[in-house]
Amino acid sequence: MDHGGHKRTQRGTTKARYWLMKSEPRAFSIQDLQKAPRQTTCWDGVRNYQARNFMRAMAIGDQIFFYHSNAEPPAIVGIAEVVREAYPDHTAFDPRDTHYDSKSTPEKPLWDMVDIRLIRVFDTPITLTRLREDFHVKHMELLRKGSRLSVQPVRAEEWRHILTLAAKKPY
DNA sequence: GCCAACGTTGGC
DNA sequence: GCCAACGTTGGC
């Protein structure tokens with residue numbers, strides 16, 4: 001039963017989807033997410049069309065690798081899940097915000113965000129170096145030369161493989 | 001701090 | 001529509 005006039009968009013019985021989202025830990029780290037109310041945050045500030053479109057494709061329950069970019073070391077540091085599907089990113093409306101964009105207005109929003117909730121922080125971050133050494137994940141968007149996409153899909157087999165890495169001892 | 005790769009902007 | 005200039009991303 002659905003109340004409040006909200007469209008029910010949760011992906012019923014179809015397969016879960018997997019994603020990877022980048023954040024610079026100096027701006028917002030997975031530890032910040034851990035400390036946030038309900039361990040939930042809105043993912044604001046995405047100003048790239050491809051990344052935005054991937055967020056628009058997300059459904060409640062989709063799972064996300066939380067990646068630390070521009071970090072020492074760059075690494076997948078944990079898992080989160082989508083708890084609210086794409087809605088307008090209000091930070092684009094605020095001229096004082098660093099992510100302000102005059103092309104986006106409340107009447108015609110251009111940029112969206114989703115809400116995500118922490119599932120877990122890996123004991124051992126899976127570093128970019130380690131991923132590069134692993135042929136199981138060689139086709140990941142993250143590893144493509146010159147790739148800068150901050151929101152990107154992850155294949156189910158890549159997701160499963162990386163979870164097994166996270167369960168192992170570091171090397 | 002450096003710089004390659006990328007996306008966007010704007011002049012023409 | 002082309003493309004140079006510019007700003008940003010993000011590994012190193």
Side-chain angles (χ1 to χ4, degrees), chain A residues 17-36 41-58 62-82 86-116 118-155 157-159 161-166 168 170-171:
Chain A
R17 287 197 198 173
Y18 305 105
W19 310 92
L20 180 146
M21 288 171 130
K22 297 178 184 174
S23 186
E24 300 199 14
R26 273 158 294 202
F28 188 82
S29 69
I30 200 164
Q31 286 75 26
D32 293 327
L33 180 57
Q34 212 166 17
K35 286 178 281 188
T41 189
C42 60
W43 204 262
D44 63 337
V46 171
R47 298 292 180 270
N48 169 283
Y49 289 101
Q50 212 181 343
R52 180 203 67 182
N53 292 344
F54 283 135
M55 286 202 296
R56 286 181 174 176
M58 290 179 180
D62 283 6
Q63 294 194 282
I64 300 158
F65 282 138
F66 197 113
Y67 178 81
H68 279 171
S69 61
N70 246 310
E72 189 47 54
I76 296 173
V77 291
I79 302 173
E81 68 175 329
V82 177
Y87 62 104
D89 179 348
H90 57 80
T91 66
F93 309 147
D94 180 359
R96 291 175 308 273
D97 195 283
T98 49
H99 298 294
Y100 173 66
D101 183 353
S102 61
K103 297 192 298 302
S104 188
T105 64
E107 295 72 34
K108 278 194 103 180
L110 182 60
W111 303 113
D112 280 0
M113 56 190 181
V114 295
D115 288 357
I116 71 167
L118 181 68
I119 295 179
R120 75 179 168 108
V121 180
F122 290 159
D123 296 328
T124 309
I126 310 302
T127 65
L128 183 61
T129 308
R130 191 172 183 187
L131 291 170
R132 286 200 192 286
E133 290 168 352
D134 192 330
F135 73 94
H136 288 100
V137 295
K138 66 179 172 192
H139 296 303
M140 282 187 83
E141 169 67 22
L142 182 70
L143 306 183
R144 258 191 47 236
K145 182 177 164 66
S147 172
R148 299 188 319 187
L149 250 190
S150 65
V151 179
Q152 51 183 264
V154 172
R155 293 175 190 84
E157 57 270 27
E158 294 161 348
W159 180 271
H161 182 72
I162 290 168
L163 285 190
T164 68
L165 296 182
K168 288 178 189 161
Y171 61 30

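Proteins get letters first, then strands, A, B, ... in listed order; numbering begins at 1 in each.
One atom, OH of A:Tyr49, and another, C1' of B:dG7, lie 11 Å apart when rounded to the nearest Å. Rounding to whole angstrom units, NE2 of residue A:His68 and P of C:dG10 are separated by 13 Å. Rounded to whole Å, the distance from CZ on A:Arg144 to P on C:dG10 is 13 Å. Summarising the geometry, the separation between CD on A:Gln50 and P on B:dG7 is reported as 7 Å, rounded to the nearest angstrom. Rounded to an integer number of Å, the gap from NE2 of A:His99 to P of C:dG7 is 18 Å. Look at CD on A:Glu72: it is 12 Å from C1' on C:dG10, rounded to the nearest Å. One can place CG of A:Leu143 at 16 Å from C1' of B:dA5, the figure rounded to the nearest angstrom. Between A:Arg47 atom CZ and C:dG7 atom C1' there is a gap of 16 Å when expressed in whole angstrom units.
Side chain to side chain, A:Ser29 and A:Asp32 meet the donor-acceptor criterion of an N or O pair below 3.5 Å. A:Asp97 and A:His99 form no side-chain donor-acceptor contact under 3.5 Å, judged by distance and modelled atom types alone. A:Ser104 and A:Arg47 share no donor-acceptor pair across their side chains, judged by distance under 3.5 Å alone.
Looking at A:Glu141 and A:Leu20, their side chains never come closer than 4.5 Å, going by heavy atoms from C-beta outward.
What you find for A:Arg120 and A:Ile30 is that their closest heavy atoms are O-CD1, 4.2 Å.
Each of B:dG7, C:dG11, C:dG10 was ranked by its minimum atom distance to the side chain of A:Lys22; first place goes to C:dG10. Across C:dG11, B:dT8, B:dA5, the shortest atom-to-atom separation from the side chain of A:Lys145 is found for B:dA5. Between B:dT9, C:dG10, B:dG7, one nucleotide has an atom nearer to the side chain of A:Lys103 than all others, and that is B:dT9. The nucleotide whose nearest atom lies closest to any side-chain atom of A:Arg132 is, among C:dC12, B:dT8, B:dC6, C:dC12.
Residues of residues 104-115 of chain A having a heavy atom closer than 4.0 Å to DNA chain B: none are found.
Formation of a donor-acceptor pair under 3.5 Å by the A:Arg130 side chain with backbone atoms of A:Ala75 is not found in this model. A:Arg132 contributes a side-chain N or O that, together with a main-chain N or O of A:Leu143, makes up a donor-acceptor pair within less than 3.5 Å.
Along DNA chain B, the nucleotide nearest A:Ser147 and the nucleotide nearest A:Asn70 are compared for position; the residue whose nucleotide lies closer to the 5' end is A:Asn70.
Phosphate proximity of C:dG11 to A:Tyr67: present, with a side-chain N or O under 4.0 Å from OP1 or OP2.
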